[in-house]
Undergrad: 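I am attaching a structure below and will ask some questions about it afterwards.
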Protein chains: 2
Amino acid sequence: MERYPIFAVTADLVVLTIRDDRLCALVVRRGEAPFQGEWALPGGFVRPDEDLDRAAARELEEETGLAVGTVHLEQLRSYGAPARDPRQRVVTVAYLALAPDLPTPKAGTDAADARWVPVERARSLAFDHDAILADGVERARAKLEYTPLATAFCAEEFTVAELRRVYELVWGAELDPRNFHRKVTGAANLLVPTGSTTTRDGGRPAQLFRRGTATTLHPPMPRTA
Amino acid sequence: MERYPIFAVTADLVVLTIRDDRLCALVVRRGEAPFQGEWALPGGFVRPDEDLDRAAARELEEETGLAVGTVHLEQLRSYGAPARDPRQRVVTVAYLALAPDLPTPKAGTDAADARWVPVERARSLAFDHDAILADGVERARAKLEYTPLATAFCAEEFTVAELRRVYELVWGAELDPRNFHRKVTGAANLLVPTGSTTTRDGGRPAQLFRRGTATTLHPPMPRTA
DNA sequence: ACAAAAGTGTTGGTTTTACACCCATGG
DNA sequence: CCATGGGTGTAAAACCAACACTTTTGT
């Protein structure tokens with residue numbers, strides 16, 4: 001029986017939300033070495049009997065207090081450069097989480113502090129977390145085009161304008177409100193009308209919708225910029 | 001200092017090519033326990049000082065003899081269910097490799113045998129490799145739509161018809177040769193004409209092309225089926 | 001000359017874009 | 001009544017599927 005090289009495996013999280021009209025990522029201040037006191041992505045070691053997805057969900061809950069049910073969570077990719085962790089060989093399986101606007105998270109067990117930071121201002125994170133964050137943002141941007149993922153940034157019930165705002169903020173580009181409306185209301189199974197309306201955005205009352213069952217967006221949302 | 005759970009990490013490969021007008025995957029017969037004698041995806045343990053990408057490239061070369069330069073290699077995703085390997089906790093980072101038609105591979109160090117199998121006939125692989133293979137094929141199908149990835153299945157120089165054949169075989173759908181031709185020759189930086197022609201497909205000589213520098217396909221190739 | 005495959009032109013229908021315009025509310 | 005945003009109509013432009021047709025080879 002040969003001996004297998006020994007690794008530790010962590011699950012790290014790129015948690016994105018929209019706050020104050022900005023695309024923000026969740027960062028925590030590390031309470032332990034290495035990189036103690038520096039900002040990093042939330043995450044932690046996968047336990048011996050735990051599935052990767054489950055570990056990511058647990059970390060999300062521990063470090064943010066977010067109920068996992070309301071959050072979209074998907075695997076992003078893995079990172080395993082030999083020297084990415086100074087302690088020992090660590091492979092991290094990064095996950096991408098998208099959440100509606102939520103209360104400011106409280107510090108968890110391993111984190112001295114936790115906060116939302118606009119993605120363009122999240123720099124110099126610990127380990128290789130700058131690159132992981134960039135990959136996560138890039139994935140989110142790409143998936144808005146051809147999936148209903150933008151709805152993950154919205155509350156349970158939302159208006160077409162709120163959904164459009166998600167696109168505009170994530171992409172950093174303006175979209176025509178009229179054509180956007182036609183497009184998303186025309187896409188099969190994307191939106192389910194609740195029947196009620198709201199005036200929370202001002203002006204004429206807007207219909208409220210819930211996410212539909214669509215898993216892809218046909219035709220895709222054209223990204224002009 | 002806390003103790004970190006111990007994992008082994010492997011790099012497994014979904015290697016796809018087109019042979020005899022079929023989309024084929026590379027499978028190896030395992031020479032060692034567990035699952036000795038059964039078919040599995042090629043792969044092996046990541047070494048203590050080796051990057052994940054490098055491990056995948058090394059395994060590809062070891063188990064197939066393919067020169068890595070001619071092969072497209074990208075990370076697929078990671079799999080880490082607690083019981084996926086009966087020996088101990090193993091997380092595998094799966095990679096997707098796309099290669100032009102190549103000589104039948106020879107068995108490597110860990111593999112008693114190696115061969116190309118049409119993807120629809122690759123079933124009952126060891127570990128969770130059925131699922132990994134399915135994910136790899138799905139990824140390849142999806143990426144043909146909006147990336148120049150189909151060219152990875154072609155030789156260095158190829159004709160438009162050969163490229164079209166890739167789409168037809170991977171998607172299992174027929175495409176109009178005329179419109180396909182216009183589309184791919186019109187896409188910016190997708191194809192670079194070599195200036196020479198070939199009659200290897202019969203009929204009127206066809207121009208030969210090399211891959212261009214494009215990283216995405218605008219507009220995407222419409223998948224009708 | 002004929003078959004076979006490459007490649008171009010054309011046409012009619014769909015989709016997209018840009019914007020005019022009306023609708024329903026709060027102040 | 002006015003400002004504000006929600007939502008519909010519409011014409012010009014762009015795009016695309018389908019297929020007739022021409023080109024260039026091998027036999």
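Below, chains carry the letters A, B, ... as their sequence lines are ordered, and counting in each starts from 1.
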Undergrad: Taking all heavy atoms of B:Ala40 and all of B:Leu125, pick out the closest pair and write down the distance.
TA: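 So the two residues come closest at N-CD2, 4.2 Å.
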
Undergrad: By nearest atom, which of the nucleotides C:dG9, C:dA6, C:dC19 is closest to the B:Arg182 side chain?
TA: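 Nearest to the side chain of B:Arg182 among the choices is C:dG9.
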
Undergrad: Rounded off to whole Å, could you give me the CG-to-C1' distance for the B:Leu191 and C:dG7 pair?
TA: 14 Å

Undergrad: Heavy atoms only, 4.0 Å cut-off, all strands: where does A:Asn179 land among base, sugar-phosphate and nothing?
TA: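 Result for A:Asn179 = base.
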
Undergrad: Salt-bridged, B:Glu157 to B:Arg210, with N to O below 4.0 Å?
TA: yes

Undergrad: Between atom CG in B:Asp201 and atom P in D:dT27, what is the gap in whole Å?
TA: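 One finds 14 Å between P of D:dT27 and CG of B:Asp201, rounded.
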
Undergrad: Atom CG of B:Leu208 to atom C1' of D:dT25: distance rounded to whole Å?
TA: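 Those two atoms, CG and C1', are 14 Å apart.
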
Undergrad: Does A:Thr216 offer a backbone N or O that forms a donor-acceptor pair with the side chain of A:Thr147 under 3.5 Å?
TA: no

Undergrad: So B:Asp176, base contact, sugar-phosphate only, or nothing? Heavy-atom distance under 4.0 Å.
TA: base

Undergrad: Sort and list the pairs that fulfil side-chain hydrogen bond (donor to acceptor under 3.5 Å, both in side chains) and have at least one residue in residues 117-132 of chain B, not counting sequence neighbours.
TA: B:Asp12-B:His129, B:Arg22-B:Glu120, B:Arg84-B:Asp128

Undergrad: When you check the phosphate oxygens OP1 and OP2 of C:dG7, does a side-chain N or O of B:His181 lie under 4.0 Å from one of them?
TA: yes

Undergrad: In chain order, what residues pass the side-chain hydrogen bond (donor to acceptor under 3.5 Å, both in side chains) check against A:Asp21, with sequence neighbours excluded?
TA: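 By the side-chain hydrogen bond (donor to acceptor under 3.5 Å, both in side chains) rule, A:Asp21 matches A:Arg165.
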
Undergrad: Figure out the CD/P separation between A:Glu162 and D:dG6, and round it to whole Å.
TA: 9 Å

Undergrad: For each nucleotide in nucleotides 22-27 of chain C, reading 5' to 3', give B when a protein heavy atom comes within less than 4.0 Å of its base, S when such contact involves only the sugar-phosphate, and - otherwise.
TA: -BBB--

Undergrad: With a cut-off of 6.0 Å (strictly less than), are more than 12 heavy atoms of other residues, nucleotides or ligands near CZ of A:Arg54?
TA: no

Undergrad: Looking at every strand, decide which applies to A:Pro177 at a 4.0 Å heavy-atom threshold: base, sugar-phosphate, or nothing.
TA: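 If one applies the 4.0 Å heavy-atom cut-off, A:Pro177 turns out to touch nothing in the nucleic acid.
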
Undergrad: Could you walk me through whether A:Tyr79 and A:Phe127 pass the ring pair (Phe, Tyr, Trp, His ring centres under 6.0 Å) check?
TA: CA-CA 11 Å; A:Tyr79 301 80; A:Phe127 305 103; over 10 Å; no

Undergrad: Taking atom C1' of D:dT4 as reference, at what distance in whole Å does atom CZ of A:Arg164 sit?
TA: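 After rounding, the gap between these two atoms is 13 Å.
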
Undergrad: If you look at every strand shown and take non-hydrogen atoms under 4.0 Å, does A:Arg200 touch a base, only sugar-phosphate, or nothing?
TA: nothing

Undergrad: State which of C:dG7, C:dA20, C:dA18 makes the closest approach to the side chain of A:Arg178.
TA: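 For A:Arg178, the side-chain atoms sit closest to C:dA20.
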
Undergrad: Rounded to whole angstrom units, what separation is found between the CD atom of B:Gln207 and the C1' atom of D:dT24?
TA: 13 Å

Undergrad: Whole Å only: how far is the CE atom of A:Met221 from the P atom of C:dT16?
TA: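 Atom-to-atom, A:Met221 to C:dT16, this comes out as 10 Å.
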
Undergrad: Rounding to an integer number of Å, can you tell me how far B:Glu174 CD sits from D:dA17 P?
TA: 15 Å

